[in-house]
Amino acid sequence: MLDTLTIRTQRTTASRRQELDPEHIEFGKIFSDHMFSVDFHDGEWQDPQIVPYGDMAVSPANSALHYGQAIFEGMKAYKNAEGEITLFRPYDNLHRLNVSAERMCMPAIPEELFMQGLTQLIRLDADWVLDKPGSALYIRPFMFATDGFIGVRPSESYRFMIFTCPVGLYYNKPLRVRFEEKFVRSAEGGAGYAKAAGNYGASMWPTKLAQNEGYHQLFWTDASEHAYVEESGTMNVMFVIDGRLITPALSTSILDGITRKSVLTIARDWGMPVEERKISIHEILQAHQNGTLQEAFGVGTAATIAPIATIGFRGQDHDLPTAPANAFSKRVSAALDAIRTGQAPDTHNWMVSV
Ligand code: COI
């Protein structure tokens with residue numbers, strides 16, 4: 001990685017690293033010592049800087065707060081047996097961030113700014129990348145509008161930031177997920193393919209209702225018929241039916257997940273039949289009934305591979321068979337872990353050294 005971009009760096013004088021207990025980490029609550037920040041105004045990205053993690057001032061009329069002109073990414077860094085830190089497919093995150101930026105009328109982030117900000121921040125907080133199995137450094141790049149103006153139009157100024165947090169497992173047990181037939185996460189032509197803040201805000205209430213009924217998450221279904229599965233919670237979703245790996249095809253309402261495409265690539269490498277297409281609630285329930293639904297699982301950066309144990313539909317629970325040790329979801333999860341921690345060859349060049 002070239003070190004060409006100068007990033008003004010103010011190191012903390014009060015590191016919190018010693019307070020970190022790697023055995024008790026709750027996802028997203030503990031933040032590493034530093035954060036990266038760069039402002040955009042007058043049509044250009046200005047001087048980037050790395051500063052101690054902390055609160056910041058924004059205008060109360062900030063249009064991200066009022067109209068949701070805000071986007072983010074989720075990505076992870078890992079430490080291998082040699083203590084080397086690597087990022088998983090960071091260029092894919094940059095690409096998706098810029099796809100989201102275009103959808104939300106925001107400026108693109110140049111590759112050098114993104115990669116230098118990322119690598120210099122992680123090098124500075126290298127001690128926060130844990131090497132305990134199952135743990136990683138979760139990285140949250142994000143951009144938001146900063147104009148203090150409440151007219152509804154794209155902001156002229158923005159801030160792009162990155163902070164990181166050491167994380168363990170997102171879900172610690174197989175999930176109970178129910179089909180959602182009333183609310184939608186996104187419709188064709190909407191912003192579901194973008195990692196826009198509002199997609200997540202709007203998902204909270206329907207999710208809360210499902211949680212009140214004892215489920216962890218929802219299967220979001222299509223906006224016009226509520227017949228086809230789109231995503232599960234904040235993850236893409238996959239099913240193994242009769243030895244075939246089936247996942248909803250990408251569309252304007254589905255996020256182009258990086259874990260999703262990595263799992264599909266590994267499945268194809270292994271010669272497993274892969275189908276990216278519409279999959280209906282009816283097909284899933286029918287497969288469950290005739291015993292061909294072998295596995296269902298969510299895939300995402302935070303959760304990695306999250307097995308689904310129970311599928312709820314109109315008040316009835318359908319329990320999936322316990323996945324055997326050689327179940328696809330377990331093998332692919334182990335294969336991804338091995339690539340990320342340097343224990344297996346990185347044949348697709350996914351890992352980038354920090
Ligand atoms: C991720 O997997 O990185 C996500 O976007 C989920 C997050 C909202 C916790």
Side-chain angles (χ1 to χ4, degrees), residues 25-32 64 68 70-78 87-101 103-104 109 114 118 121-122 129 134-144 160-173 175 177 185-186 190-208 210-211 216-220 230-238 247-248 250 253-264 297-308 329 332-333 336-337 340 350:
I25 299 178
E26 210 178 317
F27 181 94
K29 275 206 169 159
I30 302 160
F31 303 101
S32 315
I71 57 174
F72 70 96
E73 273 301 315
M75 52 196 296
K76 279 181 176 166
Y78 301 84
L87 294 160
F88 184 69
R89 307 190 73 169
Y91 295 98
D92 294 71
N93 289 96
L94 170 63
H95 172 75
R96 192 173 61 186
L97 184 67
N98 283 335
V99 167
S100 302
R103 180 64 181 81
M104 300 305 287
I109 313 277
F114 182 83
L118 197 55
L121 177 69
I122 292 170
V129 190
S135 59
L137 189 74
Y138 185 80
I139 304 162
R140 176 51 65 88
F142 62 110
M143 190 195 335
F144 58 100
F160 171 61
M161 302 187 70
I162 308 174
F163 63 72
T164 68
C165 22
V167 294
L169 295 176
Y170 192 78
Y171 292 116
N172 55 15
K173 55 179 172 213
L175 305 178
V177 186
R185 175 188 166 274
S186 167
Y193 68 95
K195 231 166 152 55
N199 290 339
Y200 294 78
S203 75
M204 290 178 189
W205 190 50
T207 305
K208 188 172 172 212
Q211 287 168 349
H216 296 103
Q217 276 299 349
L218 298 171
F219 284 118
W220 297 106
E230 301 233 302
E231 295 191 11
S232 172
T234 59
M235 301 177 287
N236 294 109
V237 63
M238 299 192 174
T247 193
L250 295 179
S253 61
I254 296 181
L255 189 82
D256 182 3
I258 293 160
T259 312
R260 175 188 180 279
K261 63 182 169 191
S262 307
V263 169
L264 297 181
F297 51 95
V299 295
T301 297
T304 318
I305 310 284
I308 294 170
S329 55
V332 80
S333 176
L336 275 171
D337 267 355
R340 287 162 167 160
W350 286 338

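Both counts, for ligands and for their atoms, begin at 1 and track the order of listing. One is the number of the first residue; the rest follow in order along the sequence. These numbers come from the heavy atoms of this one structure, side chains and all, not from hydrogens, waters or symmetry mates.
- Note: no N/O pair closer than 3.5 Å links Phe27 and ligand 1 by distance alone.
- Contact annotation: Lys195 has at least one heavy atom less than 4.0 Å from an atom of ligand 1.
- Of the protein's non-hydrogen atoms, Tyr138 OH, 2.6 Å is the one closest to atom 3 (O) of ligand 1.
- Nearest protein neighbour of atom 2 (O) of ligand 1, counting heavy atoms only, is Ala302 N, 2.8 Å.
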Derivation of the side-chain contact (heavy atoms from CB on, under 4.5 Å) call for Lys261 and Arg89: CA-CA 11 Å; Lys261 63 182 169 191; Arg89 307 190 73 169; 3.8 Å; yes
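- The closest side-chain heavy-atom distance from Met235 to Leu175 is below 4.5 Å.
- Exactly one of Ile254, Asn236, Val237 qualifies for a side-chain contact (heavy atoms from CB on, under 4.5 Å) with Glu230. That residue is Ile254.
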Would you sort out whether Asp256 and Val99 count as a side-chain contact (heavy atoms from CB on, under 4.5 Å), showing the intermediate values? CA-CA 10 Å; Asp256 182 3; Val99 167; over 6 Å; no
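- Here the side chains of Met161 and Phe144 are in contact, with some heavy-atom distance below 4.5 Å.
- Evaluated for a side-chain contact (heavy atoms from CB on, under 4.5 Å) with Phe88, the options Leu336, Thr301, Asn93 yield exactly one hit, Leu336.
- In terms of polar-atom proximity, Thr234 is not counted as a contact of ligand 1, lacking any N or O under 3.5 Å from an N or O of the ligand.
- Every N/O-N/O distance between Arg140 and ligand 1 stays at or above 3.5 Å.
- Protein heavy atom closest to atom 8 (C) of ligand 1, with residue, atom name and distance, is Tyr200 CE2, 3.8 Å.
- Between the Asn98 side chain and the Ile109 main chain, a donor and an acceptor come within less than 3.5 Å of each other.
- Annotation: Tyr170 places no N or O atom under 3.5 Å from an N or O atom of ligand 1; distance criterion only.
- Using a 4.0 Å cut-off to heavy atoms of Gly74, the atoms of ligand 1 that qualify are 3 (O).
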